[in-house]
Novice: 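Structure in structure tokens, see below.
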Amino acid sequence: MSPPLITHIYTADPSAHVFNGRVYIYPSHDRETDIKFNDNGDQYDMADYHVFSTASLDEPYDVTDHGVVLHAEDVPWVSKQLWAPDAATKDGKYYLYFPAREKEGVFRIGVAVGDKPEGPFVPDPEPIPGSFSIDPASFVDDDGEAYLYFGGLWGGQLQCYQGGNDKFDASWVGPKEPVGADKFALFPKVARLSADMRKFAEAPQDLVILAPETGEPIRADDHDRRFFEAAWMHKRGDTYYFSYSTGDTHYLVYATSKSPLGPFTYGGRILEPVLGWTTHHSIVEFQGRWWLFHHDCELSKGVDHLRSVKVKEIFYDKDGKIVTEKPE
Ligand code: FUB
């Protein structure tokens, strides 16, 4: 079994970026709770974020914990559940994007701003206007245009917005999603970010994922391939790779496009299921190699909400397809 990168606390949902020649990791900070497990994810009851960094991804690991960079109590609109974050930089500032439940229990996405990649980060007093659901992933393209990808089913509430981005339908709260061979899957959302990185520049739109064999959107019943949560975007050459978790089938998979807005075509699996219910990742190029950051529950011996971040090198074949990895 490969060792976790971080062992002194539980960490999950790692978003990795290379800033100033170092790899910075922005994970969730898992903690013990006495909350009963359920399919709504209530047991994932995290209250703060740490940032980590390292100059090398080879073993033995030497990872710096920069400490708590944001606490739920520092964010006026948050009630609980600081879930998977991400970070971006533009014009010398650093932006931490994070989902959490507001006081009424609805997930929104917030932003906090800092001067250094390791924080500290000062949160905006309100969530990003028009934001909803979970798992924000930021991507700044070569032309400087910045995007936020987000969404998650079941506890992540994406299924509550089928009538439009601003229409929250409480009857869909819980571990629910569309069912039926004739129905298309729900898709993650993407929105361009404003120049100051703190707002959406446009209404979020669906990031459509097509089945390669039909050219049609992935179907709702196709749980091996439909989007569940854990959005991530990376670019290799002129190809955009959108990757995500399939949730209840526990795969990390990807789809490709020549545009950051899609449509994307399903490409295959990145990682087979790990120990633990969730699987969540990021992909980054560092020192000429490509790395998959992910998590599993080996350190906690299988406790689903006590996860640990790991890293492994990934490879592309001559056609740009990602070679499927097995947990190790
Ligand atoms: O960590 C809480 C949630 O679990 C994340 O937001 C999901 O992606 C899943 O990993």
Side-chain angles (χ1 to χ4, degrees), residues 4 6 9-16 25-33 35 37-50 70 72 78-87 96-102 105-110 127 131-138 148-160 174-175 177 186 188-189 226-233 242-254 270-271 273-283 292-300 302-310 327:
I6 298 152
I9 58 174
Y10 289 110
T11 54
D13 311 322
S15 292
I25 307 162
Y26 302 84
S28 301
H29 174 196
D30 285 356
R31 61 173 182 172
E32 306 259 11
T33 74
I35 296 168
F37 286 40
N38 61 31
D39 281 339
N40 202 41
D42 292 349
Q43 64 275 21
Y44 298 91
D45 185 38
M46 297 85 99
D48 63 24
Y49 295 114
H50 288 229
L70 187 71
V78 166
S79 62
K80 60 178 181 177
Q81 289 183 302
L82 293 185
W83 281 12
D86 190 18
L96 182 72
Y97 299 99
F98 58 95
R101 284 186 197 263
E102 60 176 15
V106 174
F107 269 107
R108 304 274 180 212
I109 296 168
S131 69
F132 56 94
S133 197
I134 61 165
D135 289 3
S138 55
L148 201 71
Y149 301 84
F150 60 94
L153 295 176
W154 298 16
Q157 301 178 342
L158 182 63
Q159 70 280 0
C160 298
E177 63 182 299
L186 297 179
K189 300 285 180 178
R226 64 96 171 77
F227 172 82
F228 188 90
E229 62 187 2
W232 186 256
M233 176 64 74
F242 178 77
S243 46
Y244 56 98
S245 163
T246 61
D248 58 342
T249 49
H250 316 290
Y251 301 117
L252 286 178
V253 302
Y254 73 97
I270 304 170
L271 184 66
V274 295
L275 180 64
W277 199 99
T278 67
T279 188
H280 189 129
H281 70 300
S282 59
I283 295 170
L292 173 73
F293 289 76
H294 69 99
H295 67 230
D296 68 23
C297 300
E298 298 285 351
L299 190 63
S300 70
V303 181
D304 280 339
H305 68 289
L306 296 178
R307 302 161 291 180
S308 302
V309 167
K310 292 185 169 178

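In each ligand, atom 1 is the first atom listed, and ligand 1 is the first ligand listed.
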Novice: Using heavy atoms and a 4.0 Å limit, tell me yes or no: is Arg307 in contact with ligand 1?
Specialist: yes

Novice: Kindly state whether the ring of Phe228 and the ring of Trp154 have centres lying under 6.0 angstrom apart.
Specialist: yes

Novice: Please could you name the atoms of ligand 1 that Ala84 approaches to less than 4.0 Å, counting only its heavy atoms?
Specialist: 6 (O)

Novice: Given Asp42 and Asn40, is the side chain to side chain donor-acceptor pair (under 3.5 Å) satisfied, shown in steps?
Specialist: CA-CA 6 Å; Asp42 292 349; Asn40 202 41; 3.2 Å; yes

Novice: Can you list everything that forms a ring pair (Phe, Tyr, Trp, His ring centres under 6.0 Å) with Phe150? Sequence neighbours excluded, please.
Specialist: Phe132, Phe200

Novice: Got an N/O contact under 3.5 Å between Tyr44 and ligand 1?
Specialist: no

Novice: Answer with yes or no whether Met46 contacts ligand 1, where contact means a heavy atom under 4.0 Å from a ligand atom.
Specialist: yes

Novice: Can you list the ligand 1 atoms lying under 4.0 Å from a non-hydrogen atom of Glu229?
Specialist: 7 (C), 8 (O), 9 (C)

Novice: For ligand 1, which atoms, with element, lie under 4.0 Å from some heavy atom of His280?
Specialist: 7 (C), 8 (O), 10 (O)

Novice: Quick test: of every protein heavy atom, which one is nearest to atom 1 (O) of ligand 1, and how far off is it to 0.1 Å?
Specialist: Asp13 OD2, 2.5 Å

Novice: Taking distance alone, with N or O pairs closer than 3.5 Å, would you say Asp135 contacts ligand 1?
Specialist: yes

Novice: Could you tell me whether the side chain of Gln81 and the main chain of Tyr44 form a donor-acceptor pair under 3.5 Å?
Specialist: yes

Novice: Quick one: does Asp135's side chain have a donor or acceptor within less than 3.5 Å of a partner on Ala230's backbone?
Specialist: yes

Novice: Under the side-chain contact (heavy atoms from CB on, under 4.5 Å) test, which residues partner His250, sequence neighbours left out?
Specialist: Pro273, Trp277

